[in-house]
Amino acid sequence: MFVISAVALATSGGWILVNGIINFVGERTILWGLSPLVGIIAGSLLIALWIAILVVIGLRRARQNRN
């Protein structure tokens, strides 16, 4: 379940972040008329959440290997 969540977060976060950056440069709106800055922030938060999930997965595997 963690792996599926991580892939979904990385993909969607990356897409939203890149879309926000491209539209920020082009001065256009994205995501239902929202500012590109909202896309950049949302994408960054999703990628941060993805990193947190990867850390949790790594810690669980490290604990399992110790036992």
Side-chain angles (χ1 to χ4, degrees):
M1 186 67 178
F2 277 123
V3 174
I4 294 170
S5 299
V7 170
L9 286 171
T11 304
S12 60
W15 182 80
I16 292 171
L17 178 62
V18 169
N19 195 5
I21 292 170
I22 289 171
N23 287 317
F24 185 75
V25 172
E27 297 178 5
R28 291 179 281 170
T29 60
I30 63 165
L31 297 174
W32 310 285
L34 296 174
S35 166
L37 190 57
V38 173
I40 293 170
I41 293 169
S44 299
L45 290 174
L46 288 173
I47 291 174
L49 186 57
W50 169 64
I51 291 170
I53 287 176
L54 291 179
V55 169
V56 169
I57 291 171
L59 290 174
R60 283 187 177 189
R61 287 191 180 171
R63 287 181 189 159
Q64 287 175 354
N65 288 340
R66 276 192 244 156
N67 295 332

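In this chain, residues are counted from 1 in sequence order. The basis for the numbers below is simple: all heavy atoms, side chains too, and nothing from hydrogens, waters or symmetry mates.
Side-chain atoms of N23 come within 3.5 Å of backbone N or O of N19 as a donor-acceptor pair.
Among all heavy-atom pairs drawn from G20 and P36, the shortest one is O-CB, 3.4 Å.
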Between side-chain atoms of residues 3-14 and protein atoms elsewhere (two or more places apart, or another chain), which donor-acceptor pairs fall under 3.5 Å?
| from | atom 1 | to | atom 2 | distance (Å) |
| --- | --- | --- | --- | --- |
| S5 | OG | M1 | O | 3.0 |
| T11 | OG1 | V7 | O | 2.8 |
| S12 | OG | A8 | O | 2.8 |

Can you give each donor-acceptor pair under 3.5 Å made by side-chain atoms of residues 39-48, sequence neighbours left out, with the distance rounded to 0.1 Å?
| from | atom 1 | to | atom 2 | distance (Å) |
| --- | --- | --- | --- | --- |
| S44 | OG | I40 | O | 2.8 |

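Tested against V18, the residues I22, I16, I21 include a single side chain to side chain contact (heavy atoms under 4.5 Å, CB included) partner, I22.
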